[in-house]
Every structure is written in C-alpha cells, then in structure tokens.
S.K.: 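Take this structure, written in structure tokens, and hold onto it; I'll ask about it next.
Heavy atoms only: backbone and side chains are in, while hydrogens, waters and symmetry mates are out.
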Amino acid sequence: ILTCLYPPEVPRDCHELWESSAGKAPNGVYLIRPADALIAAYCAMQEGGWTVIQHITVNGSVDFDRLWDEYKVGFGSLTGNHWLGNEYIHQLTSGSVRYKLGIKLVDEDAVTKMGEYDPVLVEGEDAQYRLRLGLYHGTAVDALTLEPESYLHDNQRFTTKDHDNDNYFQNCARLEFQGVAGGGWWYDACAGANLNRRNVIYWQKDCNKEHLCKYAWMMVKPSDMVKVVHSDCKRDEL
Ligand SMILES: [Ca+2]
C-alpha cells in the first residue's frame with residue numbers, strides 16, 4: 001500500500017493518481033507528466049480525479065488578459081485562479097487515452113451547474129490549439145457546441161490579444177466590457193461563453209452580466225468510454 005501512496009512513476013494525470021491511491025488522495029497540487037515534461041497541476045479528487053485546467057473567481061486578482069505565450073504555459077496560482085497552459089491541455093487530451101472536459105459553474109446564490117463534453121481534444125500550437133468537442137450532457141446549458149446566439153466555440157482556434165485567430169473583424173480578446181478585456185478563448189465572432197473574462201463569467205443564460213456567477217472550473221479526465229491502462233501500482237494491489 002505504501003508503494004501506492006508513493007508510486008514509482010509520476011502519474012500522467014490526476015485520474016491516474018486517484019487510481020493509484022485507491023481513491024484516497026486528497027485534493028491538492030501534484031506533479032504529473034502528461035507528456036515529456038513534469039508539471040504541477042491542481043487535482044480535484046472527487047468523481048475519479050479531475051485535472052483542473054482553469055479556475056476563475058469573478059473579480060479575482062489574477063489577470064486573464066494575457067499574451068499567447070502566457071496562455072501557452074499557464075499562469076496564476078494553482079491553488080487559486082489559474083490557467084494550466086494550452087500546451088499541457090493539448091498534451092493531456094491528445095494522448096492515447098480519450099478525455100472528457102468538465103465544466104463547473106457556481107452562481108452568487110451558490111447554485112452549482114455542471115456539464116461534460118466527451119470527448120475533448122485541444123490540438124497543438126501548429127493548429128492554434130483548436131478545440132474539438134464531442135457530445136454534451138449536464139445541468140448547465142451547452143454553451144460550446146450549440147449556437148443559439150450564433151456563436152459556436154467547438155472547432156475554433158484559440159485567440160489572445162496578440163494572436164487573432166477568431167472570426168470577427170476585430171480581435172475578440174481585446175474587446176472590453178466595463179474596461180476589462182475578454183482574455184484568451186476559443187472565440188467565434190465572438191462568444192456565447194467565455195470563462196476567462198475576469199469581471200463577468202459568461203455561459204449563455206447560466207452565467208452573464210444579469211445573472212452573475214462567482215466561480216468557474218474547467219477540468220479534464222479520461223472518458224468512461226475507454227478502458228484505462230492500469231499503473232504498476234494498481235497491478236500490485238490486484
Ligand atoms: Ca478577428
């Protein structure tokens with residue numbers, strides 16, 4: 001059991017860590033190795049171990065109006081508001097294991113809404129970290145693959161204030177609301193959802209300037225649709 005608390009190899013993601021600890025690992029910051037490089041990530045260990053790729057608190061102190069290279073490698077505090085990094089999100093979702101994307105939204109009355117896209121793939125930097133999403137289910141509205149407001153985020157490339165890859169004649173990441181720019185996002189022309197605008201967490205009718213949300217999280221973990229390869233630690237247990 002001790003070897004399971006200290007697995008011999010760095011886990012690929014939080015789910016593998018959850019598995020190798022028999023579900024006992026607590027929430028917190030862990031070292032993971034999605035590809036070649038070791039990175040630190042926040043693990044939300046409920047429901048099988050989610051690797052948190054984004055967390056924002058409305059009007060928090062972390063600035064999300066950042067450059068391409070900052071979104072590439074991540075910014076903020078892993079225990080608080082942060083972006084894990086497009087390169088690592090790409091590494092996590094583009095391996096041999098199928099991943100899903102989890103969205104968690106909490107409004108000012110502490111009402112929580114959830115959603116999942118299965119599968120999720122964020123393509124590489126050569127494809128401007130294009131977002132590819134599968135089927136949705138959840139209690140929140142599907143704000144990324146439906147387009148009731150003519151904004152479709154699925155299949156869009158990532159845009160930052162210094163890299164305009166969106167479908168608008170201006171740069172969506174530079175458009176301000178009450179003096180705050182939108183931040184990096186998979187914009188269309190521009191948004192039916194944007195979890196990186198610091199003063200208004202936006203998710204169609206669930207979170208907007210009339211119905212304020214206080215917190216949002218984006219998380220990934222292997223899809224239930226695939227059999228996960230067990231670590232050495234898990235085999236020892238069996
Ligand atoms: Ca544009």
Side-chain angles (χ1 to χ4, degrees), residues 53-56 58-60 62-76 81-90 92-94 101-105 115-117 119-134 136 138 140-213 216-220:
I53 61 171
Q54 186 264 14
H55 177 47
I56 192 166
V58 73
N59 293 316
V62 171
D63 184 8
F64 278 71
D65 182 21
R66 304 271 185 150
L67 302 168
W68 182 267
D69 285 345
E70 295 177 283
Y71 270 95
K72 178 178 179 177
V73 298
F75 57 81
N81 292 180
H82 70 282
W83 185 261
L84 181 65
N86 285 337
E87 191 59 33
Y88 308 124
I89 299 169
H90 162 65
L92 281 164
T93 60
S94 64
L101 171 67
I103 304 286
K104 181 178 178 181
L105 307 166
E116 291 184 6
Y117 294 88
V120 60
L121 165 64
V122 172
E123 297 181 354
E125 187 173 22
D126 56 350
Q128 290 81 44
Y129 299 115
R130 186 188 296 265
L131 179 65
R132 305 287 195 182
L133 296 172
Y136 179 80
V141 65
D142 173 8
L144 299 183
T145 69
L146 290 182
E147 46 176 342
E149 302 173 59
S150 300
Y151 301 125
L152 184 62
H153 296 288
D154 187 19
N155 297 319
Q156 302 299 345
R157 296 171 294 170
F158 204 82
T159 285
T160 56
K161 58 184 177 182
D162 59 332
H163 274 61
D164 183 350
N165 297 310
D166 63 41
N167 301 320
Y168 191 54
F169 76 101
Q170 291 179 299
N171 182 334
C172 293
R174 286 177 171 267
L175 298 186
E176 296 186 352
F177 175 74
Q178 294 178 348
V180 176
W185 192 247
W186 296 277
Y187 289 106
D188 186 355
C190 288
N194 178 7
L195 300 182
N196 289 341
R197 180 181 288 282
R198 195 169 56 84
N199 59 345
V200 181
I201 294 170
Y202 184 33
W203 195 264
Q204 287 187 14
K205 67 177 177 60
D206 289 326
C207 300
N208 52 57
K209 59 184 188 292
E210 281 89 32
H211 181 187
L212 287 178
C213 284
W217 287 263
M218 299 176 72
M219 313 168 283
V220 295

S.K.: Does a donor on one side chain sit under 3.5 Å from an acceptor on the other, for E70 and W83?
M.R.: no
S.K.: Taking all heavy atoms of R197 and all of L175, pick out the closest pair and write down the distance.
M.R.: NH2-O, 3.2 Å
S.K.: Quick check for you: to the nearest 0.5 Å, what is the distance between K72 atom NZ and H163 atom NE2?
M.R.: 9.5 Å
S.K.: Within this structure, what is the CG-OH distance for the pair L144 and Y117, rounded to the nearest 0.5 Å?
M.R.: 3.5 Å
S.K.: Looking at every heavy atom in both I89 and V122, which two are closest together, and how far apart are they?
M.R.: CG2-CG2, 3.7 Å
S.K.: Please tell me if the side chains of R132 and N155 come closer than 4.5 Å, counting only heavy atoms from C-beta onward.
M.R.: yes
S.K.: Do L101 and M218 pass the side chain to side chain contact (heavy atoms under 4.5 Å, CB included) test, and can you show the C-alpha distance, the side-chain angles, and the key distance before you say yes or no?
M.R.: CA-CA 7 Å; L101 171 67; M218 299 176 72; 4.2 Å; yes
S.K.: Using only atom types and a distance under 3.5 Å, with no angle test, would you say the side chain of T159 pairs donor to acceptor with the backbone of N165?
M.R.: yes
S.K.: Which distance, rounded to the nearest 0.5 Å, do you find between the CG of N167 and the SG of C190?
M.R.: 9.0 Å
S.K.: Does the side chain of V120 come within less than 4.5 Å of L131's, by heavy atoms?
M.R.: yes
S.K.: Say whether Y187 and N194, considering side chains only, have a donor N or O and an acceptor N or O under 3.5 Å apart.
M.R.: yes
S.K.: Taking the side chain as every heavy atom from C-beta outward, state whether T93 and L121 have any pair of such atoms under 4.5 Å apart.
M.R.: yes
S.K.: Could you please spell out the steps behind the side chain to side chain contact (heavy atoms under 4.5 Å, CB included) verdict for V200 and V58?
M.R.: CA-CA 6 Å; V200 181; V58 73; 5.8 Å; no
S.K.: Give the minimum heavy-atom separation between N196 and G184, together with the two atoms involved.
M.R.: ND2-O, 2.8 Å
S.K.: Drop me the distance from I201's CD1 to L212's CG, to the nearest 0.5 angstrom.
M.R.: 8.5 Å
S.K.: Which atom names give the shortest non-hydrogen contact between K161 and A173, and what distance separates them?
M.R.: N-CB, 3.6 Å
S.K.: Restricting to non-hydrogen atoms, name the atom on A216 and the atom on L195 that form the minimum distance, rounded to 0.1 Å.
M.R.: CB-CD2, 4.2 Å
S.K.: Check each of E87, Q156, H90 against Y129 using the side chain to side chain donor-acceptor pair (under 3.5 Å) test, and report the only one that passes.
M.R.: E87
S.K.: Within the side chain of H211, is there an N or O that forms a donor-acceptor pair under 3.5 Å with the backbone of D206?
M.R.: yes
S.K.: Once rounded to the nearest 0.5 Å, what's the spacing between atom CD of Q128 and atom CG of D164?
M.R.: 11.0 Å
S.K.: Measure across W203 and V141 and return the closest heavy-atom pair with its distance rounded to 0.1 Å.
M.R.: NE1-O, 2.7 Å
S.K.: Y71 vs F158 aromatic rings, parallel, tilted or perpendicular, using cut-offs 30° and 60°?
M.R.: tilted
S.K.: Closer than 3.5 angstrom, by distance alone: can the side chain of N171 be matched with the main-chain N or O of T160 as a donor-acceptor pair?
M.R.: yes
S.K.: Looking at F75, is R66 sitting on its ring face, NZ or CZ under 6.0 Å from the six-membered ring centre and within 45 degrees of the normal?
M.R.: yes
S.K.: To the closest 0.5 Å, what do you measure between CH2 (W186) and CZ (R157)?
M.R.: 14.5 Å
S.K.: Check R198 with D65, please: is the shortest side-chain N to carboxylate O separation under 4.0 Å?
M.R.: no
S.K.: Go through the steps for Y151 and Q204 under the test side chain to side chain contact (heavy atoms under 4.5 Å, CB included), then give the verdict.
M.R.: CA-CA 10 Å; Y151 301 125; Q204 287 187 14; over 6 Å; no
